[in-house]
Amino acid sequence: MKEKEKEKREVGLPELPLAKGEKVVMRFAPNPNGAATLGSTRGIIVNSEYAKMHDGKFILRFDDTDPVLKRPLLEAYDWYLEDCDWLDAKPDEVVVASERMDLYYKYAEELIKKGAAYVCFCPADVFKTYKEQKLPCPHRNVNVEANMECWEKMLKGVYEEKEADLRVKTDMASEDPALRDWVAFRILKREHPRVGEKYVVWPTLDFESAIDDHLLGITHIIRGKDLKKSEKRQRFLYNHLGWKYPGTIVWGKIKMQEFGKFSTSELRKRIESGEYEGWNDPRLPTLKALRRRGFQPEAIRKFFISIGITQTDIAVSMKNLYAENRKTVDALASRYFFVRNPKEMRKKDEKSFVAKALKHPSREDYREIRTGNTVYISGDDFAKLKQGQRIRLKFLYDVEIEQIEPLVANVVETPAEDVPIIQWAPSEGIKVVVKKPDGTDEGIGEPLIASELGNVVQFERYGFVRIDSVVEKEEGKEKEVVAYFTH
RNA sequence: GCUCCGGUAGUGUAGCUCGGCCAAUCAUUUCGGCCUUUCGAGCCGAUGACUCGGGUUCAAAUCCCGACCGGAGCACCA
């Protein structure tokens, strides 16, 4: 019993601190300004996992209230939906902030009427000096009527960008400068990809997410450490409105060792500039790229759950994800031969052969590979060959190297012990291009690879790949396969 | 500068709330062995950590203080 508990804890997330009998409502709230990265993936998985654990609700909310700096990408909304589904994290509810503007305005008005918010005309640097001196700016004590008037003018577009904004009253004398009278709304006169030019006054993330978390009945918020101060800021708002703040969990930043630092905005720039093929370029740390490379959703889930939710910033190696993915993919993937940088080997018998090769070491079914009196071996294996050496062409027969350049070998009738075993490709093999995170490999593979379109297979002694496309070369039935390297 | 937060093996994580059962868990990496007509598969084994210094205590990874290191906020970004 005790052991069982222990085991459970190791694979799972720590229990959520629950109020008694409370129904858990979790949310993942991305800005759809690009495709989901590995960082967003963590948010999707952990939040949905908690909802599952407690039989609660999982909400996907798009925090898309900045049409300028973090401008939403129209396609990205659907991408997130697809990604969530694929990760077995289908949201129970989907909310789009930019479609809820009237709601935010309503609460802004309520706050103004309560004297808890005011229209501020200070330029940023001027306000900053007030803030540093812990002093209220001249607009802080303007009466309610005048504030309402200014607010309405803001909404009508009377003021220009940066001319005015709406601040929430907190405590100008707060010890923590980060907490003093923060901005709730600012003017942005730019059309929004989703709602057009309908609005010129946009809520900041702190305001929008505070209002929505309450309205959606979110019970627990999991947020990055960079947003940690949000809780303290938002609490002022909750107090003004008489609301109860949700439970919060803060986690540190995650970085994949293999990818270094990346932000969605940065990725977007580089993709739009043509540096990358797209959001699913195998060199990118996006979910789309992992999917294309053949990673299994369960593996990705397990990986992120094992990482947990500590406040420390972490740099995790993809090797951990590979290990997890290998567990699922190894059993599924059929084996094929692929040789990189092929070298032709001529065999001195003139016979052609049909090799019977196991498709999977723990299964019975096999594949056939026809070949004539030449085969291809990989350049890497070729480099290690010595004259007179014996090697085994797997599933075919042993050969003895007669000469290296050009490569000629004799077939050996009686197999020896302990010879190196290598994979090979037949004379009628097809061209295979493997796109990897760190470059591209080209080589020749057995023709049957073309029949595995969309599947994850193992190229023996090379790695797992997903067959991404099969191109039929014009009339000649020569084919070319493009595979994406998994690991 | 002001204000917060964190620091367990190469990496990630459990343990810290309620000090002893922790000469510290699990995974991964690395190395070694075994097995196998593949492997980046499987099996077995090894290496490897409580940042430092004080304090409290019979007893500290766990509580307190300080130092050091790291991160974050102080945006009309999310």
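Per chain, numbering begins at 1; letters A, B, ... match sequence-line order.
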Handout entry: Pairwise distance CG(A:Leu216) to CE(A:Met26) - rounded to 0.5 angstrom
Key =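 It comes to 13.0 Å.
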Problem - Rounded distance [0.5 Å steps], CD1 in A:Ile222 versus CG in A:Leu227 - result: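 One finds 13.0 Å between CD1 of A:Ile222 and CG of A:Leu227.
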Practice task
Mind running a 4.0 Å heavy-atom check of residues 61-80 of chain A against RNA chain B and sending the residues that fall below it, in number order?
Solution key: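 Close to the strand are A:Asp63, A:Thr65, A:Asp66, A:Leu69, A:Lys70.
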Practice task
Counting heavy atoms from C-beta on, name the nucleotide in B:G12, B:U38, B:A78 closest to the side chain of A:Ile307.
Solution key: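 Output: B:G12.
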Exercise for the section: Can you figure out which of B:A41, B:U11, B:A27 approaches the side chain of A:Lys327 most closely? Expected result: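 Of all the options, the side chain of A:Lys327 is nearest to B:A27.
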Handout entry: Pair of N/O donor and acceptor under 3.5 Å linking B:C39 base with A:Glu460 side chain
Key =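 In this structure, the two groups form no donor-acceptor pair.
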At under 4.0 Å between heavy atoms, what does [X] touch on the DNA or RNA strands: base, sugar-phosphate, or nothing?
X        : answer
A:Thr310 : sugar-phosphate
A:Gln311 : sugar-phosphate
A:Leu227 : base
A:Ser209 : nothing
A:Arg180 : nothing
A:Glu132 : nothing
A:Ala29  : nothing

Does [X] place a side-chain N or O at less than 4.0 Å from the phosphate oxygens OP1/OP2 of [N]?
X        : N     : result
A:Lys131 : B:A75 : yes
A:Arg186 : B:A78 : yes
A:Lys253 : B:A72 : yes

Using atom [atom1] of each nucleotide, how far apart are [N] and [M] to the nearest Å?
N     : M     : atom1 : result
B:A49 : B:G6  : P     : 25 Å
B:A23 : B:U62 : P     : 13 Å
B:C5  : B:C22 : C1'   : 27 Å
B:G15 : B:C76 : P     : 39 Å
B:C34 : B:U11 : C1'   : 27 Å
B:C18 : B:A61 : C1'   : 16 Å
B:G73 : B:U57 : C1'   : 38 Å
B:U13 : B:G7  : C1'   : 14 Å

Rounded to whole Å, how long is the line connecting atom [atom1] of [X] with atom [atom2] of [N]?
X        : N     : atom1 : atom2 : result
A:Arg42  : B:G12 : CZ    : P     : 11 Å
A:Lys394 : B:U36 : NZ    : P     : 14 Å
A:Asp171 : B:C4  : CG    : P     : 14 Å

Less than 6.0 angstrom from the centroid, inside 45 degrees of the normal: does [X] satisfy that with respect to the ring of [Y]?
X        : Y        : answer
A:Arg367 : A:Tyr336 : yes
A:Lys359 : A:Tyr366 : no
A:Arg194 : A:Tyr77  : yes

Handout entry: Exercise: identify the closest heavy-atom pair between A:Phe127 and A:Cys120
Key =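 The answer is CD1-SG, 4.0 Å.
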Practice task
Go through the side-chain N and O atoms of A:Glu231 and A:Thr248 and say whether any donor and acceptor fall under 3.5 Å apart.
Solution key: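 A pair is found: one side chain offers a donor N or O, the other an acceptor, under 3.5 Å apart.
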Exercise for the section: Could you list all the salt bridge (Lys or Arg N to Asp or Glu O under 4.0 Å) pairs where at least one residue sits in residues 168-180 of chain A, not counting sequence neighbours? Expected result: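 For residues 168-180 of chain A, and leaving out neighbouring residues, the salt bridge (Lys or Arg N to Asp or Glu O under 4.0 Å) pairs sorted by first residue read A:Lys134-A:Glu175, A:Asp176-A:Lys229.
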